[in-house]
Engineer: 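Below you'll find the structure I mean.
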Amino acid sequence: MIIPMLDPDVASPAAPPRPLEVEAVVREHVAVNDEYRYLSLDLPEGAPHARPGQFYHLLCPGGDGLEPFFRRPMSVYRIEPERNRVGFLYKVTGTGTAAMARLWPGDGFNIFGPLGIGFTLPEAKAPIVLLGRGVGLATMGPLVPFARANGHRVTAILSARAPDLVMSVEEMRAAGADVLTVTDAEGTSAVPHVEGLLEDLVAQGRCAALYVCGSSRLTRLAQAVAARHDLFGEVALEQQMACGVGVCFCCVRPFRENGETVHRRVCCEGPVFPLAEALA
Amino acid sequence: MIIPMLDPDVASPAAPPRPLEVEAVVREHVAVNDEYRYLSLDLPEGAPHARPGQFYHLLCPGGDGLEPFFRRPMSVYRIEPERNRVGFLYKVTGTGTAAMARLWPGDGFNIFGPLGIGFTLPEAKAPIVLLGRGVGLATMGPLVPFARANGHRVTAILSARAPDLVMSVEEMRAAGADVLTVTDAEGTSAVPHVEGLLEDLVAQGRCAALYVCGSSRLTRLAQAVAARHDLFGEVALEQQMACGVGVCFCCVRPFRENGETVHRRVCCEGPVFPLAEALA
Amino acid sequence: MIDLSVSCGGLALANPVMPASGTFGLEQADIFDFERLGAFVTKTITPDKRLGNPTPRVSEVPNGMLNSIGIPSKGADAFVRDVIPRFSQWRPPLVVSISANTPDAFAELARAVSVAGVAAIEINISCPNLEDDGKAFAMRPESTREIVRRLRDATHLPLWAKLTPNAGDVAAVARAAEEGGADALVVANTILAMSVNVETRRPSLGNVMGGLSGPAVKPIILRMAYQCARAATIPVIGCGGIATAKDALEFLIVGCRAVQVGTASFVHPCALVDVIDDLEEHCRANGIARIEDVIGSLDLTQTERDMMGDTALEARA
Amino acid sequence: MIDLSVSCGGLALANPVMPASGTFGLEQADIFDFERLGAFVTKTITPDKRLGNPTPRVSEVPNGMLNSIGIPSKGADAFVRDVIPRFSQWRPPLVVSISANTPDAFAELARAVSVAGVAAIEINISCPNLEDDGKAFAMRPESTREIVRRLRDATHLPLWAKLTPNAGDVAAVARAAEEGGADALVVANTILAMSVNVETRRPSLGNVMGGLSGPAVKPIILRMAYQCARAATIPVIGCGGIATAKDALEFLIVGCRAVQVGTASFVHPCALVDVIDDLEEHCRANGIARIEDVIGSLDLTQTERDMMGDTALEARA
Ligand SMILES: Cc1cc2nc3c(=O)[nH]c(=O)nc-3n(C[C@H](O)[C@H](O)[C@H](O)COP(=O)(O)OP(=O)(O)OC[C@H]3O[C@@H](n4cnc5c(N)ncnc54)[C@H](O)[C@@H]3O)c2cc1C
Ligand SMILES: Cc1cc2nc3c(=O)[nH]c(=O)nc-3n(C[C@H](O)[C@H](O)[C@H](O)COP(=O)(O)OP(=O)(O)OC[C@H]3O[C@@H](n4cnc5c(N)ncnc54)[C@H](O)[C@@H]3O)c2cc1C
Ligand SMILES: Cc1cc2nc3c(=O)[nH]c(=O)nc-3n(C[C@H](O)[C@H](O)[C@H](O)COP(=O)(O)O)c2cc1C
Ligand SMILES: Cc1cc2nc3c(=O)[nH]c(=O)nc-3n(C[C@H](O)[C@H](O)[C@H](O)COP(=O)(O)O)c2cc1C
Ligand code: FES
Ligand code: FES
């Protein structure tokens, strides 16, 4: 099954949309592979729409011993303004996502968003490279059609444990990206090999900007390569969240800011940050 | 719809059955009138069965903002050992019963019981009179077929706010009881009038024993009549419960015991008590 | 038209509902209408810059959450310069929460924030997330009386003393705060707690222990608010597990003149406004003209309620 | 074969799980197998006959309950004569819980229950449901040291001191109880709380305030059990909101040598036996040979867990 991540005709609005708590309705809920599920929601009239890299804060339904108290942050995987829908690609890891996995088409689902700061594209249609692993792919998904729609060449390097767990390959190709996959099983996901791939892309003039998500190992690699060639770069980070809007300060991560270490909030100063400043 | 309360061929076991926590399955769940619902459950193999006047402690399912913490006590309304079923007649009054009202056929329902001490019949097939109001009728229901099966003539005086709210009339008639109804609407439920009915029954030799439930006003009346004519009598009482088995002492009610006031636990010393001793 | 206004701790509030410190900030300005609030209460600030505690800083528990945020702070100067002025665009009064580890620093900070645009100072003498096994000024009446007196001398602004529920005798601490010169009591901060991941055998919080908040604490804090309202003559502001108007009403009924809503806003971003709307709706539905009439209206005539009593009965028969 | 046995407060227990006082009685003998329990703990008795508090005596709250049962008691003589002998038919040791309002009466009662068939005495110096606004001996270290010392002299049996979570400094009270001669600490009793029916504006309990118990208190009591285990050298028995083996494990991991299960039995009548079975299952599944190895195994090496760390990642990639 192919799930396009962004409708080609979408350009990003100037100002970030104002977040809203809305009661969405489950349209489609399917297993993408053994580990990941895709959830598509119908939004109420007038609901704001997200930009690539933004997330929603989901109120997963309790019951049967699963009582998630906090909302759960999820990146938008598919953005469909004209159909007034939003889609998430997620992995069941604990209480909240397990509760979420019980949703049926037609069920109501309380979501709050869109939240956070999304990806920014480099100047002048410069070619970009996406580097992602695990749920990181979900976060990077919509960046492909977004970049293509804005005239950037896109190469995506997707990493996973095994070939059958690499996601979004067809989706990203369909969206116009050149896709390379590396896996632990094939022994191609090790840092030296990936570094080689990146260097080749840089040499071929296909990597003016680097976007990474889903692994601190890959983040550190991307930081090295970007520094070496002075490339624009961004990293999407994760941290546990309570408020999701910047007031509780639970979601901080450390960054390097002219010499000293500072804390930034993933929910509102991110989740997308300048690649060079993250302490991965 | 007529819901028989006890299968004719049932005689009460000698010793009270050992209570069990079991996962029952909803068989039937219907509205009897605007206020009352009937719930029939299939019991797992080997589940014990109740005696008239006993109750189950129900674990009403949480969800959607309804989170009952305690179990809820409910008298058995229908006892079907050979079909391995049990039925409850209940009114939605708050959190727990509202949660209960959401059960669908096929749903599991965790119930614990049977609990408490049920009704006892008088000697020598003596004729008995039931006096009940509101949910009290649910508690008295199975007493009719139980008494008839043991050769007692049964007269039931059923009280309610309005004629359409008097329940179990057909059921009790079908089970072999003479049924009189009194209602506030018709102005026939006032104590003096009901007292007249009772006195007539005593005079006609139809009232060797009195069973009352659902109203302290009627309980006091029954106590007076029983004392006047030295009749055997029992009253089924209600009190909020936590453990349901006699250890927490939250369900006490006051009783007169040779002169002094004592507390007895409704869950295990009742819910059925000697009529004369209750302080109604 | 229902009158929701109350006077509380030296301020006249349009309604008795305000955010709890640490759960509110300018970031929410585009999420709900700030004009609707009874007051603004800012995140506690400290004299100087701080990073706060290690992550994980929060953990969920049944019906509540633990937090060990600590008090990350940009320092007083930055706050006075950058934050306070921005609140002047809205009508509700601004209450600034402050904390410090020594009386001197505390007094100095009180002076520093006694500036135009600040309507009252909430003194967080109770934050259980700092070091010292959760102890704080407000753990003991004496230390409470002292620090409040000290701060009373340091500012002309109304002083709200925020108590800790970890104290053994909150009512005595409440009296001490009043004697010290507090204009109101906020009851209360979070309850020191912890949880453990049985798989990793690690505490769920980077700081090991943290403060419990949310619905789980409501029955405990409601009891303390009731005890404080009886023990002190200054207004009590209830704070602990309030998520709905019904919760707020419980606090008002036992004698609180206002309430603060914290954790609930993390679950429902517009909880504050919802509580205000539903309070008004409750008053309308129950023929209550002024919210003042609800305050302290607890009915202690305990008729033993009879499950079979004919009153109960009429309701059920 | 997993070894669940523990030595605790002068007793050798087949497993670390026992009922909490006031939630257990002979009435349960036909509901679950008494032989399975680590120990029996009886409802607190007082020197003389008592009726207990007015109804309603319980009220449910989110994830827990309030109770103001008080201590209805048939008196010591009836208990010694009629109840104690009946427990001799089972193997687990019998722990008798006692309470009184004066040191003399307390000591007298301790003597009275120091009879054959009783393995240890749990002294309830913490019941928050009696008069005096919930105060109790265990509210202060001094009064705790005194009463324990007094009772230590009154009986040769192991003494378990049950503390109150309403005290401001539970660790200090724990040390005081140890100094007084207690053989173990039970942490803890219920937390004083209340709730209000906003329709009737009446307290939900006949006694206005009552003790909170159930899952809602677990994070608070777990923190106190951890503090007491660090402060005292005698065994700590955790008690508060334990409903599952996972809950029990949290208490064992922070250093408790045993646990008590109370309110959970009201929701699931066989909770005690379920907790024991699941504890054993957890040990089997995790290759733990002796439950002793779990006790006090809290891992405080706080590596800041990284949501993106490659370990976390391998789990999620
Ligand atoms: C900005 C952002 C975007 C994300 N996008 C996606 C996505 O598109 N697809 C996807 O599968 N996952 C995504 N995640 C991770 C996702 O939030 C967690 O997998 C999820 O919260 C786990 O919740 P749980 O209840 O199943 O697990 P539990 O372990 O029960 O969660 C316990 C607590 O920890 C928090 N938590 C656990 N893991 C994470 C994590 N990795 N990041 C943040 N909080 C966590 C939960 O929110 C909850 O508060 C994203 C996280 C962030 C911060
Ligand atoms: C032995 C016994 C038999 C009963 N049989 C029936 C029956 O057959 N049909 C029927 O409709 N009702 C019966 N009741 C009453 C029934 O238990 C209550 O209507 C029910 O518990 C209300 O729960 P709720 O959550 O809907 O109400 P809520 O008001 O939300 O309940 C709050 C708390 O009060 C308790 N409570 C409220 N009302 C009563 C009451 N009248 N008696 C005891 N506890 C109460 C609840 O159990 C709960 O613990 C019986 C009660 C007892 C004690
Ligand atoms: C994430 C978080 C941060 C908090 N920070 C502060 C703070 O800085 N100062 C303070 O006085 N209280 C702070 N609190 C406590 C709240 O103000 C409030 O007293 C407590 O959470 C109980 O209310 P609630 O249950 O409505 O959240 C914080 C609470 C939370 C959950
Ligand atoms: C209904 C009830 C009665 C109780 N009676 C007593 C008692 O008599 N003596 C005592 O020391 N603790 C008593 N307790 C407190 C419990 O023993 C236990 O300390 C508390 O409930 C916390 O544990 P839990 O959350 O597992 O219930 C009682 C608790 C409840 C709920
Ligand atoms: S989640 Fe509250 S500040 Fe980021
Ligand atoms: S409900 Fe516990 S003793 Fe009756």
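Heavy-atom basis, side chains included; hydrogens, waters and symmetry copies ignored. We name chains A, B, ... by the order of the sequence lines, and we start the count at 1 in each one.
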Engineer: Apply salt bridge (charged side-chain N to carboxylate O under 4.0 Å, His left out) to residues D/R201 and C/D299 and explain how you reach the verdict.
Structural biologist: CA-CA 6 Å; D/R201 298 196 187 170; C/D299 176 359; over 6 Å; no
Engineer: Examine whether an atom of C/F251 lies under 4.5 Å from a heavy atom of chain D, and if so say whether it belongs to the side chain, the backbone or both; otherwise answer neither.
Structural biologist: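 Neither; nothing under 4.5 Å.
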Engineer: Output the option from D/P165, D/S297, D/A167, D/A216 having the highest count of non-hydrogen pairs under 4.5 Å with chain C.
Structural biologist: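 Looking at each of D/P165, D/S297, D/A167, D/A216 in turn, D/S297 comes out on top.
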Engineer: Do side-chain atoms of C/R223 reach the backbone of D/L192 as a donor and acceptor pair under 3.5 angstrom?
Structural biologist: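 At least one qualifying donor-acceptor pair exists.
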Engineer: For C/L212, is it the side chain, the backbone, both, or neither that has a heavy atom closer than 4.5 Å to a heavy atom of chain D?
Structural biologist: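 When you check distances to chain D, only side chain atoms of C/L212 fall under 4.5 Å.
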Engineer: At what distance, to the nearest 0.5 angstrom, does CE of D/M139 lie from CG of C/D169?
Structural biologist: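 Going from the CE atom of D/M139 to the CG atom of C/D169 covers 6.5 Å.
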Engineer: Given heavy-atom pairs under 4.5 angstrom as the criterion, report whether the side chain, backbone, both or neither of C/L66 touches chain D.
Structural biologist: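 Only the side chain of C/L66 comes within 4.5 Å of chain D.
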Engineer: Applying a heavy-atom distance below 4.5 Å, give me the residues of residues 284-296 of chain D that approach chain C, sorted by number.
Structural biologist: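 Listed by number: D/N286, D/I288, D/D293, D/V294.
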Engineer: Relative to chain D, which segment of C/V61 carries a heavy atom at a distance below 4.5 Å: side chain, backbone, both, or neither?
Structural biologist: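 Contact with chain D is through the side chain of C/V61 alone.
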Engineer: Quick one: what part of C/I253 sits under 4.5 Å from any heavy atom of chain D, side chain, backbone, both or neither?
Structural biologist: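 When you check distances to chain D, only side chain atoms of C/I253 fall under 4.5 Å.
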Engineer: Give, for atom CD of D/Q227 and atom CE of C/M194, the distance between the pair rounded to the nearest 0.5 Å.
Structural biologist: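 Going from the CD atom of D/Q227 to the CE atom of C/M194 covers 9.0 Å.
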Engineer: Calculate, to the nearest 0.5 Å, the distance between atoms CD1 and OG belonging to C/I220 and D/S195 respectively.
Structural biologist: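 Interatomic distance, C/I220 CD1 to D/S195 OG, rounded to 0.5 Å: 12.5 Å.
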Engineer: For D/L298 versus C/V196, what's the shortest heavy-atom pair and its separation?
Structural biologist: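 Closest approach of D/L298 to C/V196: CD1-CG2, 3.9 Å.
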